[in-house]
Each structure stands twice: as structure tokens, then as C-alpha cells.
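Contents: one structure, followed by commentary.
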Amino acid sequence: MARNVFVLLLVLLIVCIMQVLGFSRLTLFHTAPDALAVFLGFSAVTLGRNAGTGFGFLGGMLCGILTGDIGLHMLAGTTGGFIAGSFHIPRDSHATPSQKMRRIYGATASAAFVSHTVLAIGLNPLGLSPVYRIVVLGLLATLFTLMLAFVSNLLILKNTISD
Amino acid sequence: MNNSFKIFLRYNSWILVSLLSGISFIITAIEQNDVPSKVAVAGYDLRGYVAEKIQGFGYVLHLKKENDRLLAQNSRLLTKLLVAETALQRQNALLNIHAATPPAMQGFKTARVIDRTFSERENMLLVDKGRNEGIRKDMTVLTPDGLVGRVVSVSAHYASIMPLIHSDFKVSVVSAGTRTTGLVSWDGGRADMANVEHIPISSTLATGEELLTTDFSTFAIAGLPVGRVTSVMPGRLFSMVKMKPAVDFSRLDYVLLAPLNNEPEKLRMLSTPGPGKREPLTQQ
């Protein structure tokens, strides 16, 4: 268990670094895919709401340290992880891999949208309309994040979930 | 208690998210209040304060060294000041003696008294001019106030002077008013009192009369003030006359040295003993 937590924390660190230094540069219509949301979706579904919340808090803190807005990213990660925890599948569940994957997609989308919303409320460097930022750009960011989750599923998560 | 625990277990996720959200809000609030900048500024202040204290400590450590250096510098400056002040005083004294010197004495040599010996009967002066500066034995030593003494020995750069207040010194004098001649001597004791010998009781010498050097002298130029009569007491054959020297020997700084006043022929004649010849006054 402790080993798993350590591995997850390490992955979280890598994900945060990749998000800040890599994915955040892949912008389209002022939005970018959220790798942290993908991680939160996966961890919340498999480990539960508390884990999602905790990882969201830590991930937000790491991203915040790297970007400069620590508190806001912590809040976004925490709420995203908490919301993603709603899609948790108990360990003794008999859900199929595809069901689990759907839950993960749902959790990822929820985490991405909530996180984006929190960030959109707190940060508005371009002076865009809040509604536009929350609804339009939030949905776009969620879509990009789902695409990232799909790619991740194909490359990494598929094997993990099937286990 | 059990209920509380059950509630905690049931809503732990909400409690956790509330707690973490609260922390996030607090951090956000701190960030918006620019607390990190303030912390950074406070850090700079602290760093500056510590650096200043460390510098101050280093300053204290070097204080002794600096103090020693300043003491040495102070000593050097004090020495320079003393030298400069002494030179200035000498210059002023020299100017004073030249200003007070009568025109007739302007060609005299000026010398500074650099040493003197005191005793009950024998006082000697040493001046900083010698043979190289044209000083010769038996030259008259004087100040604008009057006779000081005579040169008794000369080296290359120094000359020794026997002053009036020496028991071996004698000079013939004549009173300015009554033209009474006598011989001034000093028998020790007070430096401001000398005797005038060989004054006959028939003399009209009076108290307060000025005594001058005579033409009889083998060394002194005539007409120099020697002193002033302070008391005349008649004796059996001669009066006992006291005089106050014209020169204050306690304040001698610079003196003048007059050119030699001896004529070899006169000295030769005076030194040749003859029948019935008494010892001349000027030989003494």
C-alpha cells in the first residue's frame, strides 16, 4: 500500500511537471488538456474520493508552485479530485474494464470541468467573459482532457485497469 | 462519542475536502495579500540586519587594530605639531631679539641657548653656534637688555659661555651717573644679585644708578648695561655695593655675540708686569 502511494506520488509529480511544462503549451482557443484531471480521474475511481481529494490537493499544490498561483490550483485540484471521487468503483466491484474506463472518463471529465471552472473564476488574465470562460472554454478544456485520457488509456491505463 | 465518530466516518470526504479547500482559500488569500512579497521583503530586511550585525562584529574585531593605527598616527601628528610649534616659537623669539637689538648691534651673531648648568657658584651656558659660525673665545655675550657673559671655550658648532652669575666672572663697570668705576663679581647664591667691588667710600654712587661696561675691559664692548645699583653700604675702605643684573638669566633663550674687542697690543701691555703695577681690572 505504502509502495503504491509512493509510486502514485511519483507519478503525480511527473504528471504535474508534464502538465505545466508540456500540456499547458498545447493551447487551442485559450484552452489546454489537463493531465492532472486524467490522473485524478484514474486515482479517484480506483482509490476513492478521499484519495482523489488528497491527490488533487497535492497535485494542485505542485502545479501552483510551478505556475505561481498555489492556492487557486490547490482549490481547483481539491474540488476536481473530490468530484472525480463520485465515480469511485469499490475494489470488490465486479465492473468490467470497459465500465471502469467509462467511469474514469466520467471522473476525468468532471475533474477537468470543475478544475477549469475554479481556475476560470479565480484567474482571468485575458479579461474574457466569465460565462464564456466557464461554459465554452470549460467544455473545450474538458474535451481536450478527454482526448488526453483516451490516449492515456490506449498507452498506459488500459493495462492497469485490466489488471 | 460513537455518533460523532460515525458522522466523521460517513462524511469524512466532505470534511477532508472542506479542510483542504479551506487551506487552499487561506493560501489564496495570503497570495492575494502579497504576503510572499512581504515575507520576501522581511527576509531581505532580516538578511540586511544580519549582514549589518556581522559587519558590525567584524568592525569591533578590527577596532583594536584601528585604534592602534590611530594612536600611532596621533603620535606622529603630535610630534609634527610639537616640532612645528617649537620652530614657530624659536622663530618668534629670534624675531623678537632682532627687533629689540639696537642698530649698532645688528651685525652681531645670534645664538640659541641650548643648555645650561646651575649650581650655587658656577653657572654655564651652551649655545648652538661655534667656530664654524665665527664664534671666538672671549667674545662678549649679551642681549638687548645687557651683558650676559663671555665665551670661554669654542668647539666647531658650540660655544660655552661663562655668565655674569659665575663666581669666576668679573667685569669692570662704570656708573652712568657719577662715572664711578668698580668691578662686578658674583659670589653665588641668588642669581638676581651681584656685587660691585672696589667702590671707595668717598664715591657718590647712589642706589638706582645704572652700571655699564667700561673701556677697560679686555673682552666687553664699552657701554653695555650690566645692572642697576640696589644698595650701597659703606665699609672700612670700600663700600659694599649690591646690584641687580640687567639680564634675567632665568629667561635666556637667544643671545647675541659681539665681535672681539681686544687689541693685542693693549693685552700685551697689560699682561707685562712692572714695578709697582697692580693687577689690572680688565684682566679679570
Side-chain angles (χ1 to χ4, degrees), chain A residues 5 9 12 16 36-37 40 43-90 107 110-111 114-125, chain B residues 1-70:
Chain A
V5 171
L9 286 174
L12 176 66
C16 289
L36 179 61
L40 290 179
S43 60
V45 167
T46 53
L47 298 174
R49 175 169 272 176
N50 288 349
T53 306
F55 282 128
F57 180 81
L58 290 175
M61 186 164 65
L62 288 172
C63 290
I65 288 170
L66 293 172
T67 57
D69 298 307
I70 301 173
L72 200 62
H73 278 88
M74 283 166 70
L75 186 63
T78 302
T79 49
F82 180 77
I83 295 299
S86 305
F87 295 85
H88 171 56
I89 298 175
S110 305
V114 170
S115 297
H116 185 272
T117 302
V118 170
L119 289 174
I121 293 169
L123 293 173
N124 189 8
Chain B
M1 185 66 186
N2 273 342
N3 286 339
S4 301
F5 190 66
K6 284 177 181 174
I7 290 171
F8 177 77
L9 285 179
R10 185 174 178 182
Y11 298 105
N12 60 56
S13 299
W14 290 94
I15 293 169
L16 181 65
V17 76
S18 302
L19 182 68
L20 297 181
S21 298
I23 293 171
S24 303
F25 274 119
I26 290 169
I27 292 174
T28 305
I30 289 172
E31 283 179 327
Q32 284 178 351
N33 284 334
D34 206 18
V35 171
S37 298
K38 291 177 182 174
V39 170
V41 170
Y44 292 145
D45 288 345
L46 181 66
R47 198 169 62 188
Y49 176 78
V50 171
E52 190 179 357
K53 289 296 171 192
I54 289 171
Q55 272 188 341
F57 187 64
Y59 176 76
V60 170
L61 283 179
H62 290 99
L63 205 56
K64 185 179 181 307
K65 194 176 173 184
E66 182 69 10
N67 199 30
D68 290 343
R69 191 185 68 78
L70 286 175

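Order of the sequence lines fixes the chain letters, A, B, ..., with proteins taken first and strands second; residue numbering starts at 1 for each chain.
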Could you list every donor-acceptor pair linking chain A to chain B (distance under 3.5 Å, backbone and side chains)?
unit_1: A:N50; atom_1: OD1; unit_2: B:S13; atom_2: OG; d: 2.8
unit_1: A:N50; atom_1: ND2; unit_2: B:N12; atom_2: OD1; d: 2.7
unit_1: A:I70; atom_1: N; unit_2: B:E31; atom_2: OE1; d: 3.4
unit_1: A:I70; atom_1: N; unit_2: B:E31; atom_2: OE2; d: 2.7
unit_1: A:G71; atom_1: N; unit_2: B:E31; atom_2: OE1; d: 3.2
unit_1: A:L72; atom_1: N; unit_2: B:T28; atom_2: OG1; d: 3.3
unit_1: A:L75; atom_1: N; unit_2: B:S24; atom_2: OG; d: 3.3

inquiry  = The criterion is side-chain contact (heavy atoms from CB on, under 4.5 Å); which residues satisfy it with B:I26, sequence neighbours excluded?
reply    = B:I30

query = Taking side chain as C-beta onward, heavy atoms only, is B:L20 less than 4.5 Å from A:F82?
reply = no

task = Applying side-chain contact (heavy atoms from CB on, under 4.5 Å), name anything that partners A:A44, two or more places apart in sequence or on another chain.
result = A:A84

